[in-house]
Amino acid sequence: MDIQKYQAFLKTIEYGSITKAAEALSYSQSGVSRMIQEVEKELGLSLLERGRGGVRLTSEGIKLLPQMKALCSAYQSLQQQADDLKGLETGLIRIGTFSSVATHWLPNIIKEFQKNHPNIEYELLLGDYREIETWIQEGRVDCGFLRLPTLPELDTIFLEQDDFLAILPKNHPLADVERVSLKDLCQEPFLLLEKDKNTETADFFRQHNLSPNVHFTTWDDYAVLSMVECGLGVSLLPRLILRRNPYGVAIKELETPIHRNIALALRDRNTAPLAVKRFLDYLSYR
């Protein structure tokens with residue numbers, strides 16, 4: 001029995017779409033369709049109805065769904081126990097992260113972890129806060145770096161308060177002042193780092209009853225820095241992004257400090273795989 005085809009079947013039911021399940025699993029659409037057909041052939045039953053709106057379970061599929069979930073859950077438990085018995089000789093840690101943590105924290109953490117556990121493999125998935133929350137909930141990743149507050153059902157480990165700083169072209173008049181106000185930034189063309197549409201930067205301005213003069217939006221931290229360097233506007237970025245900053249920009253503290261709280265989140269650290277539990281011990285090396 002190939003457990004992957006049952007996992008693909010469950011993912012298809014979860015998303016209600018073969019296409020979306022394939023994207024979530026990083027498989028081809030035809031590959032997921034083939035695995036579903038193999039499940040149906042193996043059981044000798046038609047389990048899915050396919051239509052323009054997606055897929056849904058047949059009556060036989062509804063009756064067998066709990067057993068399929070139990071099967072995949074038992075297999076995951078088997079894998080975890082096997083990894084525990086092997087004493088971290090091998091294993092895989094799947095981590096959800098955003099770009100600044102992937103660039104500035106994870107290399108140091110993994111470097112130290114590998115000194116004692118050289119055969120552990122890693123899978124890093126880059127996303128925004130909401131995507132990472134979903135990946136943790138669904139079991140797509142073992143743990144993920146997030147901004148607090150997050151979903152109440154997640155188990156979190158607070159790591160650091162990360163201040164936001166004003167980013168200006170080097171020849172900008174505000175580059176000579178000691179601290180910059182949010183009101184000053186609203187008078188300039190603003191480059192908005194927008195992730196998941198509900199950006200934390202825009203939230204800061206709303207909390208102070210201000211509205212930035214947004215000229216550009218982008219998901220890329222370093223695209224913001226490059227555009228500020230070229231004199232296209234000003235911005236706000238977290239201090240973590242600005243470590244080892246290679247861009248010719250002026251970086252200024254804010255008159256009214258604002259920050260984000262970064263944490264590592266899991267579904268439950270007590271039931272996490274052994275490799276993940278040991279990985280938590282190395283977070284201080286960030």
**Prompt:** Where the side chain of Thr150 meets the backbone of Leu146, is there a donor-acceptor pair that is under 3.5 Å apart?
**Reply:** no
**Message:** Go through it in stages, so that I can follow the logic: the residues are Leu47 and Val39, the test is side chain to side chain contact (heavy atoms under 4.5 Å, CB included), and I'd like the CA-CA distance, side-chain angles, deciding distance and then a yes or no.
**Reply:** CA-CA 9 Å; Leu47 303 175; Val39 170; 3.7 Å; yes
**Message:** If you count heavy atoms of other groups shown closer than 6.0 angstrom to OH of Tyr122, is the number above 12?
**Reply:** yes
**Request:** Sorted by first residue and then second, give each salt bridge (charged side-chain N to carboxylate O under 4.0 Å, His left out) pair with at least one member in residues 93-112; sequence neighbours left out.
**Result:** Arg94-Asp142, Glu112-Lys115
**Message:** Enumerate the salt bridge (charged side-chain N to carboxylate O under 4.0 Å, His left out) contacts for residues 164-191, please, sequence neighbours excluded, ordered by first and then second residue.
**Reply:** none
**Fill in**
Minimal heavy-atom distance between Ala265 and Leu154, with the atoms involved, is CB-CD1, 4.2 Å
**Request:** Would you give the length of the straight line joining atom CG of Leu151 to atom CD of Glu133, rounded to the nearest 0.5 angstrom?
**Result:** 4.0 Å
**Request:** Could you tell me whether a side-chain N or O of Thr103 sits under 3.5 Å from a main-chain N or O of Ser99, the two making a donor and an acceptor?
**Result:** yes
**Request:** Please tell me if the side chains of Leu237 and Leu193 come closer than 4.5 Å, counting only heavy atoms from C-beta onward.
**Result:** yes
**Request:** Report, as yes or no, whether the 6.0 Å neighbourhood of atom CZ on Arg50 holds more than 12 heavy atoms from other residues, nucleotides or ligands.
**Result:** yes
**Item:** Residues Gln187, Asn213; criterion side chain to side chain contact (heavy atoms under 4.5 Å, CB included); working and verdict
**Value:** CA-CA 7 Å; Gln187 310 305 314; Asn213 181 22; over 6 Å; no
**Asked** Are any of the side-chain heavy atoms of Cys72 and Leu10 separated by less than 4.5 Å?
**Response** yes
**Request:** Please examine the side chains of Leu125 and Glu131, heavy atoms only from C-beta on, and report whether any two atoms are closer than 4.5 Å.
**Result:** no
**Message:** Other members of the hydrophobic cluster containing Tyr15, with the 4.5 Å side-chain heavy-atom rule, please.
**Reply:** none
**Prompt:** Can you tell me how far the CD atom of Gln7 sits from the OH atom of Tyr27, to the nearest 0.5 Å?
**Reply:** 7.0 Å
**Request:** Answer with yes or no whether the hydrophobic clustering places Leu71 together with Leu45; edges join I, L, V, M, F, W, Y residues whose side-chain heavy atoms lie under 4.5 Å apart.
**Result:** yes
**Request:** With Arg286 as the cation and Trp105 as the aromatic partner, state whether NZ or CZ is under 6.0 Å from the six-membered ring centre and within 45° of the axis.
**Result:** yes
**Sub-4.5 Å side-chain heavy-atom contact between Arg147 and Asn261** = no
**Request:** Using the side chain to side chain donor-acceptor pair (under 3.5 Å) rule, collect all pairs that involve residues 265-276, keeping only residues at least two apart or in two chains.
**Result:** Asp155-Arg269
**Request:** Could you label the plane-to-plane angle of the Phe113 and Phe279 rings as parallel, tilted or perpendicular, counting under 30° as parallel and over 60° as perpendicular?
**Result:** perpendicular
**Asked** Would you say the side-chain atoms of Ser235 pair up with the backbone N or O of Leu191, donor to acceptor, closer than 3.5 Å?
**Response** yes
**Message:** Between Val32 and Arg34, is there a side-chain heavy-atom distance shorter than 4.5 Å?
**Reply:** no
**Item:** Exercise: identify the closest heavy-atom pair between Ser46 and Thr58
**Value:** O-OG1, 2.7 Å
**Message:** Less than 4.0 angstrom from a charged side-chain N to a carboxylate O is my criterion; do Arg239 and Asp162 meet it?
**Reply:** no
**Asked** Are Met68 and Ile62 connected in a single hydrophobic cluster, I mean Ile/Leu/Val/Met/Phe/Trp/Tyr linked by side-chain heavy atoms less than 4.5 Å apart?
**Response** yes
**Message:** With rounding to the nearest 0.5 angstrom, report the CG to OG1 distance, Asp203 to Thr201.
**Reply:** 8.5 Å
**Request:** For residues Lys20 and Lys11, determine if any side-chain heavy atom of one lies less than 4.5 Å from a side-chain heavy atom of the other.
**Result:** no
**Prompt:** Members other than Leu192 in its cluster, when Ile, Leu, Val, Met, Phe, Trp, Tyr link by side-chain heavy atoms under 4.5 Å?
**Reply:** Phe164, Leu168, Leu174, Val177, Val180, Leu182, Leu185, Phe190, Phe204, Phe205, Leu210, Val214, Val234, Leu236, Leu254, Ile258
**Prompt:** Looking only at heavy atoms, which two atoms of Ala102 and Pro107 are closest? And how far apart?
**Reply:** O-CD, 3.2 Å
**Request:** State yes or no: do Leu57 and Leu43 share one hydrophobic cluster built from I, L, V, M, F, W and Y residues joined by side-chain heavy-atom distances below 4.5 Å, directly or via other members?
**Result:** yes
**Message:** Counting only heavy atoms not in Glu138 (residues, nucleotides, ligands), do more than 12 fall under 6.0 Å from its CD?
**Reply:** yes
**Asked** Is a salt bridge present between Glu40 and Lys5, judged by a nitrogen-to-oxygen distance below 4.0 Å?
**Response** no
**Request:** Check the side chains of Glu42 and Tyr6 for a donor-acceptor pair under 3.5 angstrom, ignoring hydrogens and angles.
**Result:** yes
**Request:** Would you mind listing every salt bridge (charged side-chain N to carboxylate O under 4.0 Å, His left out) that reaches into residues 59-80, with sequence neighbours excluded?
**Result:** none
**Request:** Over all heavy atoms of both residues, which pair between Gly233 and Pro169 is shortest? Give the atoms and the distance, please.
**Result:** O-CD, 3.5 Å
**Message:** Quick one, Arg140 with Ile132, criterion side chain to side chain contact (heavy atoms under 4.5 Å, CB included). Give me CA distance, side-chain angles, the key distance, then yes/no.
**Reply:** CA-CA 9 Å; Arg140 180 66 184 85; Ile132 296 168; over 6 Å; no
**Message:** Could you tell me if the side chain of Leu225 sits less than 4.5 Å from the side chain of Leu242, heavy atoms only?
**Reply:** yes
**Asked** In Å, rounded to the nearest 0.5 Å, how long is the span from OG of Ser26 to CD of Glu123?
**Response** 7.5 Å
**Request:** Taking all heavy atoms of Asp221 and all of Ser100, pick out the closest pair and write down the distance.
**Result:** OD2-N, 4.1 Å
**Message:** For Tyr282 and Asn108, which I'm curious about, is there any donor-acceptor pair between the side chains at under 3.5 Å?
**Reply:** no
**Item:** Atom pair CD1/OH of Ile262 and Tyr129 - distance to nearest 0.5 Å
**Value:** 6.5 Å
**Request:** For residues Leu48 and Phe9, determine if any side-chain heavy atom of one lies less than 4.5 Å from a side-chain heavy atom of the other.
**Result:** yes
**Message:** Any donor-acceptor pair under 3.5 Å linking the side-chain atoms of Gln29 with those of Glu23?
**Reply:** no
**Fill in**
Output for pair (Cys143 SG, Leu266 CG), nearest 0.5 Å, gives 5.5 Å
**Item:** Nearest atoms (heavy-atom pairs only) where Leu25 meets Ala8
**Value:** CD1-CA, 3.8 Å
**Asked** Between the main-chain N or O of Ala263 and the side-chain N or O of Thr156, is there a donor-acceptor pair closer than 3.5 Å?
**Response** no
**Asked** Going only through I, L, V, M, F, W and Y residues with side-chain contacts under 4.5 Å, is there a path from Phe98 to Leu124?
**Response** yes
**Message:** What verdict does the side chain to side chain contact (heavy atoms under 4.5 Å, CB included) test give for Glu160 and Leu283, after you've listed the backbone C-alpha separation in whole Å, the side-chain angles of each residue and the deciding distance to 0.1 Å?
**Reply:** CA-CA 11 Å; Glu160 195 166 301; Leu283 293 174; over 6 Å; no
**Common cluster, Leu126/Ile93, ILVMFWY with side-chain heavy-atom separation under 4.5 Å** = no
